[in-house]
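Structure record follows, encoded as structure tokens.
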Amino acid sequence: AQTVTQSQPEMSVQEAETVTLSCTYDTSESDYYLFWYKQPPSRQMILVIRQEAYKQQNATENRFSVNFQKAAKSFSLKISDSQLGDAAMYFCAYITQGGSEKLVFGKGTKLTVNP
Amino acid sequence: DTGVSQDPRHKITKRGQNVTFRCDPISEHNRLYWYRQTLGQGPEFLTYFQNEAQLEKSRLLSDRFSAERPKGSFSTLEIQRTEQGDSAMYLCASSPQGASNSPLHFGNGTRLTVT
């Protein structure tokens, strides 16, 4: 069974600084997708960034970028120039390609941004 | 695009009672998902609809749980004979394509407390 592990229950960062959230996953599949979702307090969960496993190039979305290491099954999220609005729970998630519609989520990392 | 709407936001019920939750997806989205999120955990997949067809069910969805999506529009999730272990946030999400190809749009969730 596929599993997603986020080893940092909580992280904090100073405003304008950079922070990296860790995620590892376990799968025997070769084709899959990885995601980071953000869940602000009392607000809806939204997609931050998406990575296709067959692409070697790391995905970037403005201040958000990933470090995808397929052999190591590692998928970390880097947030640059952190802003107060980045404070949220961040969930790493995995899905196989062309099969189940089941997204497998990690337990999440709570990010605090200090002014 | 009014977003995914879930009703009610909160539900408190006594053990043994039945409860029903409603989800209204984004109107042009033909795919609808239910997830359950307990405290300190990431969302766990429950079930998935494409239009009115329920195509995938998790083993978490015991016989006491049933979900429907009549006419491929809104969906309901019913829990019969509730147990304290059913206390959780129930999240609904919709998507125009599969979860690997397009982001899931989540609602605010229904928080269930079973006393």
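Predicted, not measured: the structure shown is a model, and the values here were computed from it. Order of the sequence lines sets the chain letters (A, B, ...), proteins ahead of strands, with each chain counted from 1.
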State, yes or no, whether a side-chain contact exists between [X] and [Y] at a heavy-atom distance under 4.5 Å.
{"X": "A:Gln56", "Y": "A:Lys70", "result": "no"}
{"X": "B:Arg15", "Y": "B:Thr115", "result": "no"}
{"X": "A:Ile49", "Y": "A:Leu77", "result": "yes"}

Open item on the list: Does either side chain, that of A:Asn67 or that of A:Gln69, offer a donor lying less than 3.5 Å from an acceptor on the other one?
Closed with: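 The answer is yes; a qualifying pair exists.
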TODO: Examine the side chains of A:Tyr32 and A:Tyr54 and answer whether a donor and an acceptor come within less than 3.5 Å of each other.
DONE: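 Their side chains do not contain a donor-acceptor pair, so the 3.5 Å distance test is not met.
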Open item on the list: Just to be sure I understand the criterion: a residue of residues 11-20 of chain A counts if one of its heavy atoms is under 4.5 Å from a heavy atom of chain B. Which ones qualify?
Closed with: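 Checking residues 11-20 of chain A against chain B gives no residue, so none.
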Interface moiety of [X] toward chain B, non-hydrogen atoms closer than 4.5 Å:
{"X": "A:Ile95", "answer": "side chain"}
{"X": "A:Gln97", "answer": "neither"}
{"X": "A:Arg43", "answer": "backbone"}
{"X": "A:Gln39", "answer": "side chain"}

Open item on the list: Hydrophobic clusters here meaning ILVMFWY residues chained together by side-chain heavy-atom distances under 4.5 Å, can you tell me if B:Ile12 and B:Tyr90 are in one?
Closed with: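 The answer is no; the residues belong to distinct hydrophobic clusters.
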Open item on the list: Counting heavy-atom pairs under 4.5 Å with chain A, which one of B:Ser100, B:Pro103, B:Gly109, B:Ser95 comes out on top?
Closed with: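 Counting heavy-atom pairs under 4.5 Å, the top option is B:Ser100.
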TODO: Take the angle between the ring planes of A:Trp36 and A:Phe75 and call it parallel below 30°, perpendicular above 60°, tilted in between.
DONE: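 Correct class here is parallel.
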- [ ] Check each atom of B:Leu104 against the heavy atoms of chain A and say whether the ones under 4.5 Å are side chain, backbone, both or neither.
- [x]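 Answer is both: backbone and side chain atoms of B:Leu104 are under 4.5 Å from chain A.
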Task: Between A:Met89, A:Met45, A:Gln44, A:Arg50, the one whose heavy-atom pairs under 4.5 Å with chain B are most numerous - done: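 Going by pairs under 4.5 Å, I would pick A:Gln44.
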Task: chain B interface, residue from A:Gly106, A:Pro9, A:Ser100, A:Cys92 that has the most non-hydrogen pairs under 4.5 Å - done: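 Greatest number of close heavy-atom pairs with chain B: A:Ser100.
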- [ ] Mind running side chain to side chain contact (heavy atoms under 4.5 Å, CB included) on B:Arg111 and B:Met89 for me, showing each step along the way?
- [x] CA-CA 4 Å; B:Arg111 182 168 295 283; B:Met89 176 75 83; 3.3 Å; yes
Open item on the list: Before we go on, tell me: are the rings of A:Phe35 and A:Tyr94 under 6.0 Å apart, centre to centre?
Closed with: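 Between A:Tyr94 and A:Phe35, which both carry aromatic rings, the centre distance is not below 6.0 Å.
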Open item on the list: Could you go through A:Lys78 and A:Val66, starting from their C-alpha distance and side-chain angles, then the distance that decides it, and tell me whether this counts as side chain to side chain contact (heavy atoms under 4.5 Å, CB included)?
Closed with: CA-CA 6 Å; A:Lys78 185 171 83 170; A:Val66 299; over 6 Å; no
Open item on the list: Sort by residue number and list every residue of residues 29-51 of chain B having at least one heavy atom under 4.5 Å from chain A.
Closed with: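 Checking residues 29-51 of chain B against chain A gives B:Arg31, B:Tyr33, B:Tyr35, B:Gln37, B:Gly40, B:Gln41, B:Gly42, B:Pro43, B:Phe45, B:Tyr48.
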TODO: Evaluate the criterion ring-ring contact (aromatic ring centres under 6.0 Å, His included) for residue pair A:Tyr37 and A:Phe91; output intermediate values, then yes/no.
DONE: CA-CA 5 Å; A:Tyr37 275 85; A:Phe91 293 97; 8.8 Å; no
Open item on the list: Evaluate A:Gln2 against A:Asp26 for side chain to side chain contact (heavy atoms under 4.5 Å, CB included), listing each step before the verdict.
Closed with: CA-CA 5 Å; A:Gln2 294 89 1; A:Asp26 186 23; over 6 Å; no
Open item on the list: Within 45 degrees of the ring normal and closer than 6.0 Å to the centroid, is that where the cationic atom of B:Arg69 sits relative to B:Phe74?
Closed with: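 That pair does not qualify as a cation-pi contact.
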